[in-house]
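Everything on this sheet refers to the single structure shown next.
To find a chain, count down the sequence lines: A is the first, B the second, and so on, and within it residues start at 1.
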2 protein chains.
Amino acid sequence: MVNVTRRRRPTLDDVAAAVGVSRATVSNAYNRPDQLSAELRARVLEAAKRLGYAGPNPVARSLARSQSGAIAFMLDANLSIAFSDPALSITLDAFATAIAPGEHALVLLPGGVDGGPKVEQVMRAQADLMVSYSLSDKASCLQAVRDRGLPLVVIDEPYLPGAAVVGIDDRGGAEAAARHLVELGHRRIGVLAQDCMYGFPGGRRSRVEAEGSPFRINRERLAGYLDVLAAAGIDVDSVPIWEFTGMDREKAVAGAHTALTEEPGLTALLCMSDELASAATTAARHLGLRIPEDLSLVGFDDTPTARLLEPPLTTVRQDLLAKGRIAGELALRLLSGRKAPKPTKLPTELVVRSSTAPVNAGAKRR
Amino acid sequence: MVNVTRRRRPTLDDVAAAVGVSRATVSNAYNRPDQLSAELRARVLEAAKRLGYAGPNPVARSLARSQSGAIAFMLDANLSIAFSDPALSITLDAFATAIAPGEHALVLLPGGVDGGPKVEQVMRAQADLMVSYSLSDKASCLQAVRDRGLPLVVIDEPYLPGAAVVGIDDRGGAEAAARHLVELGHRRIGVLAQDCMYGFPGGRRSRVEAEGSPFRINRERLAGYLDVLAAAGIDVDSVPIWEFTGMDREKAVAGAHTALTEEPGLTALLCMSDELASAATTAARHLGLRIPEDLSLVGFDDTPTARLLEPPLTTVRQDLLAKGRIAGELALRLLSGRKAPKPTKLPTELVVRSSTAPVNAGAKRR
DNA sequence: TGGACTTACTGAAGCGCTTAAGTCACTGTG
DNA sequence: CACAGTGACTTAAGCGCTTCAGTAAGTCCA
């Protein structure tokens, strides 16, 4: 049996002493094999193995190199909620692939009360760079990032001077969604919005309230919707807007149910995410409303959910893989000391599936 | 405008010099406020602010304290795939909550070719403890963890001496699932299994192959199924088993389609996960098979998916929240220097919903 | 044969912080 | 008044590694 006495782990110095070389040589054996003879290197590695030395301590290495080798992702909510949005997994995966995996570790900072992670968590995070994943303008962690002087990559929001931003054409996408409904003849249209305000429960919102959302994406999408509706001669102040918070499916279904009950005259719903559209689909089914005959639904994002819905969802596609990949490239760029380029805005595209139809197709509205 | 010359960030020493105190005092101002007068502490903090010192460098602090303050999660696959399983988000969230968030950061190590993350990633990870999330017996990262001498918490698999393990009663759950079908009169039953073998595409497997899976959970669930079927007088060698790899929904649907076509006589499917059952549901619909009249389906895990399926899925429930929480508690325990307790095995429970019915209910089988 | 290179390694100065132990001036006490 | 006790700092020894500027011996070429 191996001796498992809890004695301290061997260090570079121990190996150096065992082989009878300097500490620098052992370090080189691991980091710059070309700096010593193959024979000596073999001896060093052999001694390391014999002593149970598992290679340079990552923390010490980080300190000596003045770089921690990690990138931290700041999330808007706890992990369970954050990952209930498939868009996050996809973006994160593309990001992780882009940053040359193995070179950088990925640290997750779950969100707390004001959206982002706690300031304290940011201050203590061992990371060379931070990523803001769809955070509110008000997230206090962003100032902490600034205070630490860390480079920042922003995915979607908020737009911040000095940060490298990648986002999508939210406004254009929203316009396309609304235009599609208008062209199908819809006039009584409702909006399902995500997180307009923090710390409030979901529910009906006035236009002014919704327009004051601390989430840039919400503001953009809403503006896109309302601009088109206004241009079509619809009184935008009469367009009902409901807010949904926290990505909780049960609550979203209940909220959509309430919305549909409150405004039975609606013929279409503009949903700021596919998840919301999914909840609306379920609520509509409960109410005996057929989609699209009785109610047309447009989503946003085109996550895998959209295609799986029954009926498949008309939605605004964004390229999540590209977004994640570009975010990764921006991270690498900032890490190499270069400046943030101008914000990247990826195109969006309306994908028409089966959840939308001309307004009077069914005409069986309560 | 602030001077943004790229000069080096101030350190503890700079603040100490500015205030005219020793470095230790500044350190105490941050870490042990009771060690200095409130007045001096205020002066220190004020000077820090003035100099743009954002608090102790986390890496240096880690080195000095000989602990990195992070916990690394080793995953079986890339992030996109790993998170397409809702069980991971839930478990991870419960884990993160349990380990006193803010005290420990969470590092994600995505899996590579042999399941777990690369050895190199493990060697470089700044973490005080590793978590094996449902890894194969063969994952090379596990030896790396051992080599580094890091404590290890295992969720589900593999069972490893010295590690703190939390899992569920996979076998009992599988038995309950199979018994349920047997009691409903089913005799022609197929098994949809997850990842029996690495590096092979999915497809039909012999019993021996499936029993040789490097995933303990697979072996347990399969054993649970087959034991009960055998006890019911069914020839287990004739029970068809299909393997699905990689959690890819499209492929899973296609695979289930193939399976159902290959063996048209089946009246029920035992699925090793709800995701697999979901794919089977879709495939069955494509084939015009009604659930449960023509085909009964039992899932495993009882993730949110199960309830959302049409029809709602009969499945084996496990308490993912408890599993994550217990894993977190185990992590804290190991971190405090205590030994790993005996493996925790959480109970499972069959939840009967609408995807199962007596075998001859429909009788409209091809 | 001697100067210019190259190869193979060493010395030592950090990287920025924590913390145990020590100092020193005061305070209260019998 | 001597002395233990306390509060408020300081000293200095690490934590374990990287890396730059040497140094010494060996190689090459004119």
Side-chain angles (χ1 to χ4, degrees), chain A residues 7-45 47-48 51-70 123-128 148-150, chain B residues 7-45 47-48 51-70 123-128 148-150:
Chain A
R7 71 163 169 284
R8 85 183 216 303
R9 303 229 89 212
T11 71
L12 215 51
D13 282 319
D14 298 323
V15 178
V19 183
V21 296
S22 79
R23 174 206 317 203
T25 297
V26 179
S27 174
N28 283 334
Y30 284 95
N31 300 309
R32 314 174 164 196
D34 56 308
Q35 295 291 298
L36 32 52
S37 64
E39 183 270 333
L40 179 54
R41 175 155 191 265
R43 262 168 56 216
V44 168
L45 264 26
L51 295 177
Y53 178 74
N57 175 316
V59 174
R61 160 191 292 228
S62 287
L63 182 60
R65 288 193 171 162
S66 307
Q67 52 166 54
S68 68
M123 295 314 256
R124 308 219 151 160
Q126 296 185 21
D128 301 317
R148 277 191 61 178
L150 290 176
Chain B
R7 73 163 168 285
R8 85 183 217 302
R9 302 232 88 209
T11 72
L12 215 54
D13 282 320
D14 298 322
V15 178
V19 183
V21 295
S22 80
R23 172 206 317 200
T25 298
V26 179
S27 174
N28 283 332
Y30 285 94
N31 300 310
R32 317 176 163 193
D34 57 308
Q35 295 290 300
L36 33 50
S37 64
E39 183 270 331
L40 178 55
R41 175 155 192 265
R43 262 169 56 217
V44 168
L45 264 27
L51 295 178
Y53 178 73
N57 175 316
V59 175
R61 161 190 293 232
S62 288
L63 181 60
R65 289 192 169 163
S66 309
Q67 54 163 55
S68 70
M123 295 314 256
R124 307 218 152 162
Q126 296 185 20
D128 302 316
R148 278 191 62 180
L150 290 174

Separation of atom [atom1] in [X] from atom [atom2] in [N], rounded to whole Å:
X: A/Asp14; N: D/dG16; atom1: CG; atom2: C1'; result: 10 Å
X: A/Arg61; N: D/dT19; atom1: CZ; atom2: C1'; result: 13 Å
X: B/Asn57; N: D/dC15; atom1: CG; atom2: P; result: 19 Å
X: A/Arg9; N: D/dC15; atom1: CZ; atom2: P; result: 16 Å
X: A/Tyr53; N: D/dG16; atom1: OH; atom2: P; result: 10 Å
X: A/Arg65; N: C/dG16; atom1: CZ; atom2: C1'; result: 17 Å
X: B/Leu51; N: C/dG16; atom1: CG; atom2: P; result: 15 Å
X: A/Asp13; N: D/dT18; atom1: CG; atom2: P; result: 11 Å

Closest non-hydrogen contact found for B/Ala127 with B/Arg148 is O-NH2, 4.0 Å

Please list, for nucleotides 4-11 of chain C, all pairs of protein and nucleotide N/O atoms separated by less than 3.5 Å.
from	atom 1	to	atom 2	distance (Å)
C/dC9	OP2	A/Ser37	N	2.6
C/dC9	OP2	A/Ser37	OG	3.2
C/dT10	OP1	A/Ser22	N	3.4
C/dT10	OP2	A/Ser22	N	2.9
C/dT10	OP2	A/Ser22	OG	3.0
C/dT10	OP2	A/Thr25	OG1	2.4

Does [X] reach the side chain of [Y], with side-chain heavy atoms less than 4.5 Å apart?
X: A/Val19; Y: A/Leu40; result: yes
X: A/Ser62; Y: A/Gln67; result: no
X: B/Val21; Y: B/Val26; result: yes
X: B/Leu51; Y: B/Val15; result: yes

Partners of A/Asn31 by side chain to side chain donor-acceptor pair (under 3.5 Å), sequence neighbours excluded? A/Ser27, A/Arg61

Mind checking B/Thr11 for me? I need base, sugar-phosphate or nothing, with any heavy atom below 4.0 Å counting as a touch. sugar-phosphate

